[in-house]
Number of protein chains: 2
Amino acid sequence: MDWCFEQRVVAHKCLPFGIRIACARLCWRSLALLCHAMCSGYQLKDFTVVTAPRTKTIDDIASMAGVSAATVSKVINNRPYVSAEKRATIERVIAETGFVPSQRARGLSKRRSFILGLLIPYTSDQLFSDPHLLECVRGIESEVNAREYNLLLSTARAPSEAASACVRLLRTDVIDGAIVLETHDLHQFSAMLGQRTGPLVFIGYPQAAAIPAVHADDYGGALAAMRHLLGAGHRRIGIISSHLRPFAIEERMRGVADALAEAGLMNDPALVALGDFSPESGEAAARALLGLADQPTAIFSLNDRMALGAMRAAAALGLHIPADLSLVGFDDVALAALATPQLTTVRQPGFALGAAAARLVFGLLDGVPLSASPVIPTELIVRGSTAARRAERA
Amino acid sequence: MDWCFEQRVVAHKCLPFGIRIACARLCWRSLALLCHAMCSGYQLKDFTVVTAPRTKTIDDIASMAGVSAATVSKVINNRPYVSAEKRATIERVIAETGFVPSQRARGLSKRRSFILGLLIPYTSDQLFSDPHLLECVRGIESEVNAREYNLLLSTARAPSEAASACVRLLRTDVIDGAIVLETHDLHQFSAMLGQRTGPLVFIGYPQAAAIPAVHADDYGGALAAMRHLLGAGHRRIGIISSHLRPFAIEERMRGVADALAEAGLMNDPALVALGDFSPESGEAAARALLGLADQPTAIFSLNDRMALGAMRAAAALGLHIPADLSLVGFDDVALAALATPQLTTVRQPGFALGAAAARLVFGLLDGVPLSASPVIPTELIVRGSTAARRAERA
DNA sequence: ATGATACCGGAAACCGCTTTACTATCTCAT
DNA sequence: ATGAGATAGTAAAGCGGTTTCCGGTATCAT
């Protein structure tokens with residue numbers, strides 16, 4: 001059996017001196033002994049490396065200010081029953097020493113970590129390159145910073161992975177609550193939801209009931225977009241939808257249907273083409289729509305990327321936008337404003353969504369009972385890609 | 001003076017019953033009393049809301065397994081001196097109860113929070129929409145996950161804000177270390193660097209000495225790009241650089257100069273046009289270059305976005321790429337592969353950069369002495385925008 | 001004066017886990 | 001047999017704050 005360092009044994013066996021290495025916190029002297037022994041071929045076993053202790057603790061501040069730690073705590077937490085002079089003294093000492101309490105210890109006592117989790121299940125990488133996400137994060141951050149919280153980022157490749165990561169983060173006390181960006185299948189989450197501790201809010205449409213969520217007014221946005229086109233005199237409006245049907249798309253389609261009904265128009269299935277959100281699929285869908293005998297005079301694409309593809313298709317077919325064809329997108333991605341002509345579209349309220357989600361989590365943390373899921377309004381941005389319908393066969 | 005709830009007083013004054021509300025942890029009964037009192041118009045003062053305690057603690061597990069908490073801790077931390085049978089028992093109990101230790105308490109004892117900070121000083125929003133960033137984050141995450149760490153996200157509008165946020169996070173013990181995405185002026189950071197506790201690694205070129213950093217091989221990338229063009233026979237190569245000169249650009253320019261020198265060519269200042277990284281500025285710069293009497297046959301743009309602008313300029317001038325003009329970019333943004341023709345460019349090793357930075361932080365945390373800043377190789381991706389120079393005046 | 005009540009301040013307990021320090025048992029060469 | 005050395009296990013002491021609980025003044029109406 002190899003010789004080894006074991007706490008109690010070190011002193012007797014390996015080291016000829018009368019000094020024992022009592023604890024893992026090595027002083028220079030014991031360190032030297034250790035080095036010597038290790039150079040002689042001994043192995044270390046059952047040892048731990050501890051990092052340096054805190055430079056200043058609340059007790060130091062307390063003794064410097066001539067009070068007890070409890071009083072310092074009161075001052076730090078801005079609580080009553082501290083005389084003005086003591087408070088001033090303590091505040092001065094804190095300012096002088098630049099003392100900041102340890103969130104680790106604080107969290108243990110207060111049973112809060114002051115950290116919110118942000119879970120991004122990015123099955124598709126585009127999520128990150130999506131400026132909408134940046135806006136969401138900014139919105140979340142603004143609320144989080146206002147409450148002196150922090151934001152923990154966790155991305156996961158698969159939704160199931162995200163669900164377990166989320167539960168783990170919550171159960172290990174790392175975070176106080178979490179915001180989850182919409183996932184196609186929330187089933188994964190709902191299965192693990194019972195195991196969690198702490199609030200969870202989704203940005204998107206909750207498919208399971210009783211899951212707090214915030215979402216944009218997709219319905220209203222689509223309604224506004226369609227009304228805009230209908231108001232401009234368009235009667236045959238092509239729709240570029242998707243064969244993938246997340247809730248947001250369903251809602252937008254509902255808005256489309258209602259707008260058509262409002263105008264007394266039929267919902268002609270021939271005028272609906274399906275894509276997969278990519279520009280290429282949008283181009284193909286637009287070609288299909290424009291190839292109809294009774295060509296539509298306007299197209300509403302349910303996302304911007306497909307609308308940009310439709311723009312290409314129109315150009316290829318020699319159609320001028322907006323003279324020959326009006327085009328409306330959805331999302332207001334950065335490219336929408338850079339395209340020629342600039343794309344009329346419905347803006348996603350990213351910042352507001354993020355902020356609302358964060359507020360919801362904080363509310364839940366504070367015990368505010370959950371009310372209805374907030375719906376954040378969308379905004380129609382009218383730019384150069386839409387115009388009044390030209391007179392018939394002009 | 002208003003009547004108020006104060007811990008000791010509650011019982012005598014506000015409540016006629018013999019029950020005192022001894023602690024803030026309200027049971028239903030005392031809660032009912034409180035509600036009653038408040039409905040009668042009394043105010044609450046000096047109260048705290050505490051969240052529920054942990055459902056299961058290590059002590060519960062210990063008693064369930066019939067051992068002491070210390071032994072359970074040994075098992076959890078995979079340390080020796082636990083008999084196989086006890087270990088098995090404890091592991092079974094842990095599995096059955098689904099117990100996970102509290103990171104809060106763990107962090108306090110171990111003096112580690114198991115959280116790494118990621119600081120993104122996004123003066124310009126494009127940072128986030130930059131897929132390169134996503135790759136960096138993915139690289140960091142892969143290392144972080146491997147070590148069962150977590151990632152805390154902190155964005156800041158100004159570098160000074162980022163510096164203070166970073167120092168605060170470090171000093172409050174929230175994070176164990178941090179990775180900072182390159183900032184134009186590190187001076188802000190170096191000023192506060194002394195106040196920090198814990199390692200800090202930059203992704204980018206450290207302008208102050210002795211700051212650990214990792215960066216991409218911008219020099220080598222530019223060298224490879226230029227060699228590629230020179231090898232294809234090009235002799236007059238326009239450079240689209242920038243009037244902003246972060247270190248990365250300096251390095252790329254150095255690569256350009258060395259490649260030219262290698263080929264025995266002069267570094268003609270007339271062939272260098274300046275932009276501001278945007279596509280528009282790239283377009284303008286390309287127009288300027290292509291308007292020269294002695295038109296270049298190739299252009300090397302120091303970033304992709306300007307290269308894409310240059311592509312537009314070439315198209316507008318009726319030049320075909322790569323037949324009339326070869327074009328090389330730098331970064332390999334997503335659009336580079338989607339452009340027509342596909343852009344030859346130098347790929348930023350985002351994932352590797354992130355991973356290297358994370359490894360560096362962990363190394364520093366483990367006390368590994370700092371060696372030289374790692375340089376991550378870049379890769380020339382040859383696509384359709386470059387071709388051999390056509391015979392003179394063909 | 002004198003309770004009654006409000007304001008202050010501190011000792012001690014606690015949050016949940018890790019580490020120390022020490023005892024007890026087992027192994028094994030002498 | 002026996003003491004040295006290795007292994008197992010645990011009570012107790014932290015980690016760095018917060019909260020409880022209680023005693024001591026200051027104030028104030030009677």
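Side chains are part of it too, since the values below use all heavy atoms of this structure and drop only hydrogens, waters and symmetry mates. Letters A, B, ... are given to chains in the order of the sequence lines, protein chains preceding strands, and every chain is numbered from 1.
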Contact under 4.0 Å: [X] side-chain N or O vs [N] OP1/OP2:
X        : N      : answer
A/Arg111 : D/dT18 : no
B/Arg79  : C/dT19 : yes
A/Arg87  : C/dC8  : no
B/Arg106 : C/dT18 : yes
A/Ser73  : D/dT18 : yes

Worksheet entry | Test: B/Asp176 and A/Arg104 ion pair at under 4.0 Å | yes
Worksheet item: Mind checking what makes ring pair (Phe, Tyr, Trp, His ring centres under 6.0 Å) contact with B/Phe362, not counting sequence neighbours?
Response: B/Tyr149
Discussion item. Looking at A/Ser109 and D/dG17, is any side-chain donor or acceptor paired with a base atom of the opposite kind under 3.5 Å?
Written reply: yes
Item to complete: Please state whether the base of C/dG9 and the side chain of A/Ser83 form at least one donor-acceptor pair under 3.5 Å?
Response: no
Discussion item. With a 4.5 Å cut-off on side-chain heavy atoms, are B/Asn150 and A/Arg168 touching?
Written reply: yes
Worksheet entry | Set of salt bridge (Lys or Arg N to Asp or Glu O under 4.0 Å) partners for B/Glu85, sequence neighbours left out | none
Mind calculating the distance between [atom1] ([X]) and [atom2] ([N]) to the nearest angstrom?
X        : N      : atom1 : atom2 : answer
A/Tyr81  : C/dC7  : OH    : P     : 5 Å
A/Asp173 : C/dG16 : CG    : C1'   : 9 Å
B/Leu108 : D/dT18 : CG    : P     : 12 Å

Item to complete: Run the numbers on A/Arg87 and A/Glu91 for salt bridge (charged side-chain N to carboxylate O under 4.0 Å, His left out), then give the verdict.
Response: CA-CA 6 Å; A/Arg87 193 178 286 270; A/Glu91 273 166 353; 5.0 Å; no
Polar-atom pairs under 3.5 Å, protein N or O versus N or O of nucleotides 10-12 of chain D: list them with distances, or write none.
unit_1: D/dT10; atom_1: OP2; unit_2: B/Ser68; atom_2: N; d: 3.1
unit_1: D/dT10; atom_1: OP2; unit_2: B/Ser68; atom_2: OG; d: 3.4
unit_1: D/dT10; atom_1: OP2; unit_2: B/Thr71; atom_2: OG1; d: 2.9

Worksheet item: Which part of the nucleic acid does B/Asn77 contact within heavy-atom distance under 4.0 Å: base, sugar-phosphate only, or nothing?
Response: sugar-phosphate
Worksheet item: Side chains of A/Glu141 and B/Thr155: donor-acceptor distance under 3.5 Å anywhere?
Response: yes
